[in-house]
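To keep things clear, I will list the structure first and then write my remarks on it.
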Amino acid sequence: MELRDRDNRNSGIQRAFTLNIGTIIFSAVFIYLIVSLVMYLTANHVSSYQVTSGPLVKNNTYTGLIIRSEQVISADSGGYITYYARDNSRVKRYGAVYSVSPSSQDMEGAEASEETLANIRRHVRDFASSYQTKDFHNVYSFKYTLEGDVLDNTLADSPDLVTNTGASSITFGNQTISTCPVDGMVSYCMDGYENFTIEDISEDALDRNSYHATDLKINGQVKAGQQVYKVVNSENWSVIIPLTSRQIVQMTDRKTMRVKFLRDDITQTATFSILTMSNGAYYGKLDFTSGVIRYLDARFLDIELVTNVATGLKVPVSSVVSKRFYTIPVDYGTKGGDSNSVGFLKYRRAEDGSESSVFVTPTIYNKEKDRYYIDTMDFDEGDIIMKEGTSSDRYIIGNTDTLEGVYCTNKGYAVFRRINIIDKNEQYCLVESGTSYGISQFDYIVTDSRKVKESEVTAR
């Protein structure tokens, strides 16, 4: 009985001991989690910003109205029409544009010269290499190009070609071939803006939503006097854009403007002027002397005025911090040691009175005019440096100046990096790229420099 009681007591002690150990471990883990949570909630969290490159402010975009020198041409006679000039293409003066005949034309059986065949092969090759399904409408223009090649071949063998040179039309067989009256660019689209002038500018005229264009190409017969095509006879053209009062203030002194056409990302320089209308509205006029053929099929263009030409690295204003540096005259710099890095001869005086120097290579953050900027951690105030080759010229470390910079966190701790600010607004600064001991695109920097100290460990 006594032995049994002793065993029961030992089992109870073991259970109590086991229960206490589990409770202690659980309690320790629970306390650790609570402490970690409190520390996380009360910690100073440092957020990072990835440096990007570009302008400080995005350029303004506009929808502009194109004004060109255009002339609509009507058919002199009626009949079946055949086009020879490609839509939105250049045509020389008295070059064939279309023909009219009493019956539908069939050019089968015509013999082509080697030159004509070469032109046809080239046009087929160019069309096939650039063709996309969404450009199916260009097939008709391609058809006109090939027919033009065949017509040129036929006219070249015609004895009537010389006698009809300079005529607005050429009679060839039963066809009346109409020629272009001027050197220009042919378009088979009409929209009512062909005679548009500066005096016609209004809010309604620049309303893209109400714009409507008419395709002049037909498959079949044309009537005498019917509008057939239009020709643009000058490389000079203009784009009209609406302006606000604020934009006028910004652009008042501008005589030229860099314009980026969003349709094809081509940039071109234009002569810029501001138009004041009788109703008090303001418009910008951009004049060009080339490139009109690129947008012959358009009346409205989306453009971007490249007014913010300054580009660089963009950082938040809150990231900028000032740091104090020792300044040392450039004359005291020398090269030595195991590299070609610039360093300084630091003067030392031993207890026995002997003098010597040691070569120190600190981090040089900036060189401005006649002085270097040295980190204050590399020297103590009052240290003496000497010029190379002489012991009499000495400089006492003490003068300081400040540089602006940011804290870079690429390595997991805050490292000062110098910046040179080009421009700034309320939120961001634009800084130079390629600055010595500076930052680069895609670097991570501290968003708020007030929340961290240099060399402090951070987390991205």
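Quick caveat, the model's predicted, so the values are computed rather than measured.
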Establish, from distance only, whether the side-chain atoms of Thr363 and Asp375 form a donor-acceptor pair under 3.5 Å.
-> no

What pair of heavy atoms forms the shortest contact from Lys387 to Asp331, and how long is it?
-> CE-CB, 3.7 Å

Are any non-hydrogen side-chain atoms of Thr271 and Leu286 less than 4.5 angstrom apart?
-> no

Can you name the residues that form a ring-ring contact (aromatic ring centres under 6.0 Å, His included) with Tyr437, not counting sequence neighbours?
-> Tyr365

Can you tell if the side chain of Leu65 reaches within under 4.5 Å of the side chain of Val239, non-hydrogen atoms only?
-> no

Would you indicate whether Met377, at its atom CE, is surrounded by more than 12 heavy atoms from other residues, nucleotides or ligands within a distance under 6.0 Å?
-> no

Any idea which heavy atoms bring Asp200 and Ala205 closest together, and the distance?
-> O-CB, 3.9 Å

On a heavy-atom basis, the closest approach of Ser449 and Ser319 is CB-O, 3.5 Å

Could you please spell out the steps behind the side chain to side chain contact (heavy atoms under 4.5 Å, CB included) verdict for Ile66 and Leu301?
-> CA-CA 7 Å; Ile66 298 177; Leu301 282 178; 3.5 Å; yes

Mind telling me whether Phe300 and Tyr193 have parallel, tilted or perpendicular rings, with 30° and 60° as the class edges?
-> perpendicular

Do Thr276 and Tyr282 pass the side chain to side chain contact (heavy atoms under 4.5 Å, CB included) test, and can you show the C-alpha distance, the side-chain angles, and the key distance before you say yes or no?
-> CA-CA 5 Å; Thr276 303; Tyr282 296 96; 3.5 Å; yes

Spatial distance of atom CD1 (Ile198) from atom CE (Met277) [nearest 0.5 Å] | 7.5 Å

Check: Tyr83 ring centroid to Tyr188 ring centroid under 6.0 Å | yes

Please indicate whether Lys424 has more than 12 foreign heavy atoms, meaning atoms of other residues, nucleotides or ligands, lying under 6.0 Å from its NZ.
-> no

Going from OG1 on Thr244 to CG on Asn60, what distance comes out if it is rounded to the nearest 0.5 angstrom?
-> 8.0 Å

Could you tell me whether the side chains of Tyr295 and Asp264 share a donor-acceptor contact shorter than 3.5 Å?
-> yes

Hey, is the main chain of Ser47 close enough, under 3.5 Å, to the side chain of Thr447 for a donor-acceptor pair?
-> yes

Thr179 vs Val97, side chain to side chain contact (heavy atoms under 4.5 Å, CB included): CA-CA, chis, key distance, verdict | CA-CA 5 Å; Thr179 61; Val97 179; 5.8 Å; no

Would one find more than 12 heavy atoms of other residues, nucleotides or ligands at under 6.0 Å from atom CG of Asn425?
-> yes

Classify the angle between the aromatic ring planes of Tyr395 and Tyr332 as parallel (below 30°), tilted (30 to 60°) or perpendicular (above 60°).
-> tilted

Is any side-chain heavy atom of Asn420 closer than 4.5 Å to a side-chain heavy atom of Val431?
-> no

Side chains of Ser69 and Asn233, donor plus acceptor under 3.5 Å | yes

Between Leu243 and Tyr283, the two heavy atoms sitting closest are CD1-C, 3.8 Å

Flag side-chain contact, heavy atom, 4.5 Å: Asp302 against Arg263 | no

Nearest heavy-atom contact between Ile421 and Cys429 is CD1-SG, 4.1 Å

With a 4.5 Å limit on heavy-atom distance, are the side chains of Glu194 and Lys230 in contact?
-> yes

Leu296 versus Ser187, closest heavy-atom pair with distance = O-OG, 4.2 Å

Which is it for Glu235 and Arg294 under the salt bridge (charged side-chain N to carboxylate O under 4.0 Å, His left out) test, yes or no, and what are the steps along the way?
-> CA-CA 11 Å; Glu235 284 284 355; Arg294 295 199 309 268; over 6 Å; no

Say whether, by atom type as modelled, one donor and one acceptor occur between the side chain of Asp370 and the main chain of Pro329 under 3.5 angstrom.
-> no

Between the side chain of Glu456 and the main-chain N/O of Lys453, is any donor-acceptor distance below 3.5 Å?
-> yes

Phe379 vs Ile328 side-chain heavy atoms within contact, under 4.5 Å = yes

Going by heavy atoms in the side chains, are Arg371 and Asp401 under 4.5 Å from each other?
-> yes

Classify the side-chain pair Gln175/Ser101 by whether it contains a donor and acceptor separated by less than 3.5 Å.
-> no

Phe196, CZ: over 12 other non-hydrogen atoms inside 6.0 angstrom = yes

Leu206 CG to Thr63 OG1 distance, which is reported to the nearest 0.5 Å | 9.0 Å

Looking at OH of Tyr373 and NZ of Lys367, how far apart are the two atoms once the value is rounded to the nearest 0.5 Å?
-> 13.5 Å

Criterion side chain to side chain contact (heavy atoms under 4.5 Å, CB included) on Val292 and Met185, from CA distance to verdict = CA-CA 9 Å; Val292 64; Met185 293 145 275; 3.7 Å; yes

Flag the pair Asp378 / Thr376 as yes when at least one side-chain heavy-atom distance between them is below 4.5 Å, and no otherwise.
-> no

Do the side-chain N and O atoms of Ser238 and Asp287 include a donor-acceptor pair separated by under 3.5 angstrom?
-> yes

Does the gap between the ring centers of Tyr413 and Tyr407 come in under 6.0 Å?
-> no

When rounded to the nearest 0.5 angstrom, what distance separates CG in Leu403 from CZ in Phe325?
-> 5.0 Å

Output all residues satisfying ring-ring contact (aromatic ring centres under 6.0 Å, His included) with Phe288, sequence neighbours left out; order by chain, then residue number.
-> Trp237, Phe261

In terms of side-chain heavy atoms, does Ser290 have a donor or acceptor partner in Gln268 at a distance below 3.5 Å?
-> yes

Will you find, in the side chains of Asp191 and Tyr211, an N or O donor that is under 3.5 Å from an N or O acceptor?
-> yes

Interatomic spacing from CD1 in Ile374 to CD1 in Ile385 - rounded to 0.5 Å | 8.5 Å

Any chance the side chains of Arg324 and Thr402 put a donor and an acceptor closer than 3.5 Å?
-> no

Other residues, nucleotides, ligands: >12 heavy atoms within 6.0 Å of Gln221 CD = yes

Note: Lys323-Glu404 ion pair, threshold 4.0 Å (strictly below) | no

Is there a donor in the side chain of Tyr98 and an acceptor in the side chain of Ser178, or the other way round, less than 3.5 Å apart?
-> yes

Between Ser99 and Tyr84, a side-chain donor and acceptor under 3.5 Å | yes

